[in-house]
Amino acid sequence: MKFFIDTADVAEIRSLIDTGFVDGVTTNPTLIARSGRGMVETIAEICGLVEGPVSAEVTASDLEGMLAEGRFLAKIATNVTIKVPLTPDGLKACRVLTQEGHKVNVTLCFSPAQALLAAKAGATFISPFVGRLDDVGESGMTLIDEIIQIYDHYPHLNTEVLVASVRNPLHVVEAALAGADVVTLPPSVVRQLYNHPLTDKGIALFTADWAKTGQSIL
Ligand code: G3P
């Protein structure tokens, strides 16, 4: 399962790169706004840091606007993935941009039917939002299971399931158990993945016992 980082904070991305776990980046208008920087310069900088796909989201809501913005964003760098919303015009834009050879991430997916449409429109990635479904009392992970089950029936559909709106390590584990292709992680969740109290306790014990031996390896 690939790990993308869900942020437009370049400093955070820089600090995570040497973990070796950054396979790509996803951004959205909220994350760009939170960064306080210009979108184009931010996406360009991220694309220079990360070899994998970097999602940049269109903000137009009509087909022509999405196509124009998508083509513009794709010129920023070869690893830009154009992100479009799951609307009728978004899926038309997805089909056209895919046919032009661009990678497209269809975002704001909340149902298996929407995910099926995105795959039929040729999406490179479908982004189901698990956290936001959990927030309204629905099961985000049931959605992931159902999308994977549907896509598995039709091997000619090449759309990768990109689990988004991830809030905690359990989402990551459940996405992996379900066989998701990608999970996009806020930096805080990446850091949480390392943690277990028994790891800390074990290190403290080994360190104390080692000190008693008076030895040193080097
Ligand atoms: O980029 C889309 C997504 O991951 C948003 O997450 O936490 O705003 O629901 P969140």
Side-chain angles (χ1 to χ4, degrees), residues 1-10 12-13 16 21-37 39-40 42-43 45-47 49-50 52-61 66 69-70 73-74 76 79-87 90-91 93-94 97 102-112 114-115 118 123-144 147-148 159-176 178 180-193:
M1 184 169 70
K2 285 171 272 191
F3 281 3
F4 290 177
I5 308 300
D6 200 25
T7 187
D9 183 330
V10 175
E12 285 274 32
I13 295 167
L16 289 169
F21 295 131
V22 181
D23 299 312
V25 170
T26 51
T27 68
N28 61 39
T30 302
L31 295 171
I32 294 285
R34 202 176 289 159
S35 78
R37 298 183 55 198
M39 179 174 184
V40 173
T42 304
I43 296 294
E45 199 173 339
I46 296 171
C47 287
L49 291 171
V50 176
V54 174
S55 290
E57 187 161 340
V58 301
T59 56
S61 52
M66 283 191 247
E69 289 182 0
L73 292 169
I76 297 175
N79 54 337
V80 165
T81 292
I82 304 160
K83 208 170 174 187
V84 300
L86 209 153
T87 61
L91 293 184
C94 172
L97 293 166
H102 301 296
K103 283 191 170 165
V104 179
N105 178 356
V106 176
T107 189
L108 291 166
C109 171
F110 295 97
S111 81
Q114 290 179 320
T124 315
F125 302 105
I126 180 69
S127 288
F129 278 31
V130 293
R132 292 193 197 182
L133 275 173
D134 291 354
D135 289 347
V136 296
E138 292 185 40
S139 167
M141 277 305 149
T142 300
L143 173 60
I144 300 302
I147 295 172
I148 290 173
T159 304
E160 294 190 36
V161 178
L162 191 169
V163 179
S165 186
V166 166
R167 302 279 164 79
N168 55 55
L170 188 58
H171 278 151
V172 182
V173 172
E174 288 178 340
D181 302 285
V182 191
V183 66
T184 189
L185 308 168
S188 58
V189 175
V190 179
R191 286 188 277 272
Q192 282 180 286
L193 290 178

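Indexing begins at 1, ligand by ligand and atom by atom, following the structure's order. As the structure is a computational prediction, the values presented were derived from the model and not from experiment.
Across the listed options N28, T184, L108, L133, N28 owns the non-hydrogen atom lying nearest to atom 1 (O) of ligand 1. The residue from G140, S55, S165, A164 that puts a heavy atom closest to atom 6 (O) of ligand 1 is S165. Between L31, V183, D6, T107, it is D6 that holds the heavy atom closest to atom 3 (C) of ligand 1.
Looking at K83, its side chain does come within 3.5 Å of a backbone N or O of T27 through a donor-acceptor pair.
In terms of N/O distances under 3.5 Å, ligand 1 is not approached by T27. The shortest N/O to N/O separation between T26 and ligand 1 does not fall below 3.5 Å. At a 3.5 angstrom cut-off on N or O pairs, K83 counts as close to ligand 1.
Among protein heavy atoms, the minimum distance from atom 8 (O) of ligand 1 is reached at R132 NH2, 2.8 Å. Nearest protein heavy-atom contact of atom 2 (C) of ligand 1 is F129 CZ, 3.3 Å.
Using modelled atom types and a 3.5 Å distance limit, the side chains of N105 and T81 yield no donor-acceptor pair.
H171 places none of its side-chain heavy atoms less than 4.5 Å from the side chain of V163. With contacts defined as side-chain heavy-atom distances shorter than 4.5 Å, the pair F21/L16 does not qualify. A 4.5 Å side-chain heavy-atom check between V172 and F3 finds at least one atom pair inside the cut-off. Two residues are said to be in side-chain contact when any heavy atoms from C-beta on lie closer than 4.5 Å; S35 and D9 fail this criterion.
A salt bridge is defined here as a Lys NZ or Arg NE, NH1 or NH2 lying under 4.0 Å from an Asp or Glu carboxylate O, and R191 with E12 meets this definition.
For ligand 1, the atoms lying closer than 4.0 Å to a non-hydrogen atom of R167 are 7 (O), 9 (O), 10 (P).
Ligand 1 lies nowhere less than 4.0 angstrom from a heavy atom belonging to E57.
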